[in-house]
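In what follows, a structure is listed as structure tokens, so that the remarks can point back to it.
Everything quoted here is computed from the prediction, not taken from an experiment. Residue numbers start from 1 in every chain, and the chains themselves are labelled A, B, ... in the order their sequence lines are given, proteins ahead of strands.
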Protein chains: 2
Amino acid sequence: MDARVDEEPGGGGQTRIQAINREIILQAALEVFSVHGFRGSTLDQIAAKAGLSKPNLLYYFRRKQDIYEAVLRDTLALWLEPLAAIRADGEPIEELRRYITFKLRMSREQPQASRLFANEILAGAPAIGGFLASDLKALVEEKAGVIRGWVTQGRLAPIDPVHLIFAIWATTQHYADFEVQIRAILGDQVDGRGFPEQAAQAVLSIILNGVRPRA
Amino acid sequence: MDARVDEEPGGGGQTRIQAINREIILQAALEVFSVHGFRGSTLDQIAAKAGLSKPNLLYYFRRKQDIYEAVLRDTLALWLEPLAAIRADGEPIEELRRYITFKLRMSREQPQASRLFANEILAGAPAIGGFLASDLKALVEEKAGVIRGWVTQGRLAPIDPVHLIFAIWATTQHYADFEVQIRAILGDQVDGRGFPEQAAQAVLSIILNGVRPRA
DNA sequence: CTGACATTTGACCAATCAGTCAAGTTTCTG
DNA sequence: CAGAAACTTGACTGATTGGTCAAATGTCAG
């Protein structure tokens, strides 16, 4: 029969095994969904990667869609964090440098999360369209206001703030989303010690010099 | 029986109907594959969009994979064209401006081609991995050499040429690949008359000022 | 207008898909 | 250590998938 409500697999309270297996499933699902997107991924792939049987997967998540949404939800907050951290009372160039550096590090350490979103957006954002149009839009508008203020004060070159945010997203996430292409062009160099710094220096140089106020 | 070799559906010579229907199929396939990727797309979706029956699809292309590769091949050349057009004997900033402008126009006029590649790369480039590591790599290295020359001559700020190319790809293709996200944030503004110019001005301003030599 | 060939399709197939279920096994609690 | 609940799974289902095939229809040159 029904377990105590707060110990249902989908609920808040979890048993030890639930906590472990839900985490295993979400990690496996991230690896699969981030490569093939929702439609292109199968429960069998996820089950195999998680080392669980397919019915067992569906014991923890009733539907494939539920797994997908759980993975997306888990990574959404993580993804917005750095943008939210931009402070209006900071030094503009330093704030942007910190934001870009943060985003580049996330592309390096969580490339699958980046690819998961890329797949979701390419597919038309069926699962997070509402979130984009509400929370993300509000956050971008807020930070665009901050940047616009810096421009008005002459602390940044005149630039459309929203497009600047797009440019930062694009250049930083590119290293995660297009990693295969980058690896095809640069080879094992990508795994070298200096590569992250090299990429960071290039991106920071282009964008920061691109928005630095010109006398 | 076998038709004359040069009139086989897959061959070079085509009947009138073949030419028409192959084009219809490739256009429908582009629309489907660019949204859901190879694995996430179905022949039924393509057939429905093309207004043909599924067996008829397979009369012109023997396998789903063949349709996919044909669409990719058709768009690959188009995609490299602008990079190849960068000239060593041009004015650096003007050459880059032309390249960025070209890429932005392609993102606007051929967003599906951009998304098709994005999906292919995200999936690990199973179909074009070899091409990336050979042709694209060679082309990038050649143009990187050109840019490196400009830097050496002091006509561009010191910047890693390959990462500059990545940054240009990222910022320009972002408008095609993440259109849904951009639309969620900016709304119908995206359809406005001035939007392409606004985006172009922002991207050009950031990148060109980012690489302009500083005294 | 006719015959050869190109084109189209309904019916079908085996494989894979998401999801169900009843019967098992394991784990936890008192 | 017993009983209850949590967990696991083999076997299954109906739907969808890519792909086949024989038969029917359309096209076009002579």
Side-chain angles (χ1 to χ4, degrees), chain A residues 1-26 28-29 32-33 35-71 123 126-127, chain B residues 1-26 28-29 32-33 35-71 123 126-127:
Chain A
M1 276 291 99
D2 289 345
R4 296 206 313 273
V5 172
D6 52 350
E7 284 193 4
E8 273 177 346
Q14 296 188 354
T15 68
R16 186 181 56 91
I17 294 178
Q18 276 171 32
I20 293 172
N21 280 349
R22 283 178 60 93
E23 198 49 47
I24 288 175
I25 291 169
L26 290 178
V32 175
F33 284 134
V35 173
H36 293 115
F38 178 74
R39 289 223 40 186
S41 303
T42 72
L43 289 178
D44 291 287
Q45 287 176 304
I46 298 171
K49 192 148 302 216
L52 300 173
S53 67
K54 185 167 61 175
N56 204 5
L57 231 66
L58 293 163
Y59 172 74
Y60 291 100
F61 298 88
R62 302 246 298 258
R63 301 174 307 141
K64 179 188 178 185
Q65 177 90 29
D66 292 344
I67 306 180
Y68 185 65
E69 287 173 2
V71 176
Chain B
M1 279 282 97
D2 287 345
R4 296 206 312 276
V5 172
D6 52 351
E7 285 195 2
E8 272 178 347
Q14 294 189 357
T15 67
R16 186 180 55 90
I17 295 179
Q18 274 170 32
I20 292 172
N21 280 349
R22 281 178 61 93
E23 198 48 48
I24 288 175
I25 292 170
L26 291 178
V32 174
F33 284 135
V35 173
H36 292 114
F38 178 74
R39 289 221 40 186
S41 303
T42 72
L43 290 178
D44 291 286
Q45 288 176 302
I46 298 171
K49 191 148 303 212
L52 300 172
S53 68
K54 184 167 62 172
N56 205 5
L57 231 65
L58 293 163
Y59 171 73
Y60 291 100
F61 298 89
R62 301 242 300 256
R63 300 175 307 141
K64 179 188 178 186
Q65 177 89 31
D66 292 345
I67 307 181
Y68 184 66
E69 287 172 2
V71 176

Using a cut-off of under 3.5 Å, enumerate the N/O to N/O pairs linking the protein to nucleotides 22-26 of chain D.
none

Atom [atom1] of [X] and atom [atom2] of [Y]: how far apart are they, to the nearest 0.5 Å?
| X | Y | atom1 | atom2 | value |
| --- | --- | --- | --- | --- |
| R39(A) | Q45(B) | CZ | CD | 4.5 Å |
| I67(A) | L57(A) | CD1 | CG | 4.5 Å |
| I46(B) | I24(B) | CD1 | CD1 | 14.0 Å |

Check: [Y] and [X] side chains under 4.5 Å, non-hydrogen atoms:
| X | Y | result |
| --- | --- | --- |
| N56(B) | I25(B) | no |
| Y60(A) | D66(A) | no |
| L26(A) | F61(A) | yes |

Over 60° means perpendicular and under 30° means parallel, so tell me whether Y68(A) and F33(A) are parallel, tilted or perpendicular.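 If you compare the ring of Y68(A) with that of F33(A), the planes turn out perpendicular.
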Just how far, in rounded Å, is P of dA6(C) from CZ of R22(B)? 15 Å
Within this structure, what is the CD-to-P distance between Q14(B) and dT27(D), rounded to whole angstrom?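 One finds 18 Å between P of dT27(D) and CD of Q14(B), rounded.
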Is there a side-chain polar atom (N or O) of Q18(B) under 4.0 Å from OP1 or OP2 of dA6(C)?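 Answer no for this pair, as no side-chain N or O of Q18(B) is under 4.0 Å from OP1 or OP2.
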Phosphate oxygens OP1/OP2 of dT7(C): is one of them under 4.0 Å from a side-chain N or O of T15(B)?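 Yes, because at least one side-chain N or O of T15(B) sits under 4.0 Å from OP1 or OP2 of dT7(C).
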Return a single string for nucleotides 8-22 of chain C, one symbol per nucleotide in 5' to 3' order, where B is base contact, S is sugar-phosphate-only contact and - is none, cutoff 4.0 angstrom on heavy atoms. BBBB-----SBBBB-
Residues in salt bridge (charged side-chain N to carboxylate O under 4.0 Å, His left out) with K64(B), at least two apart? none
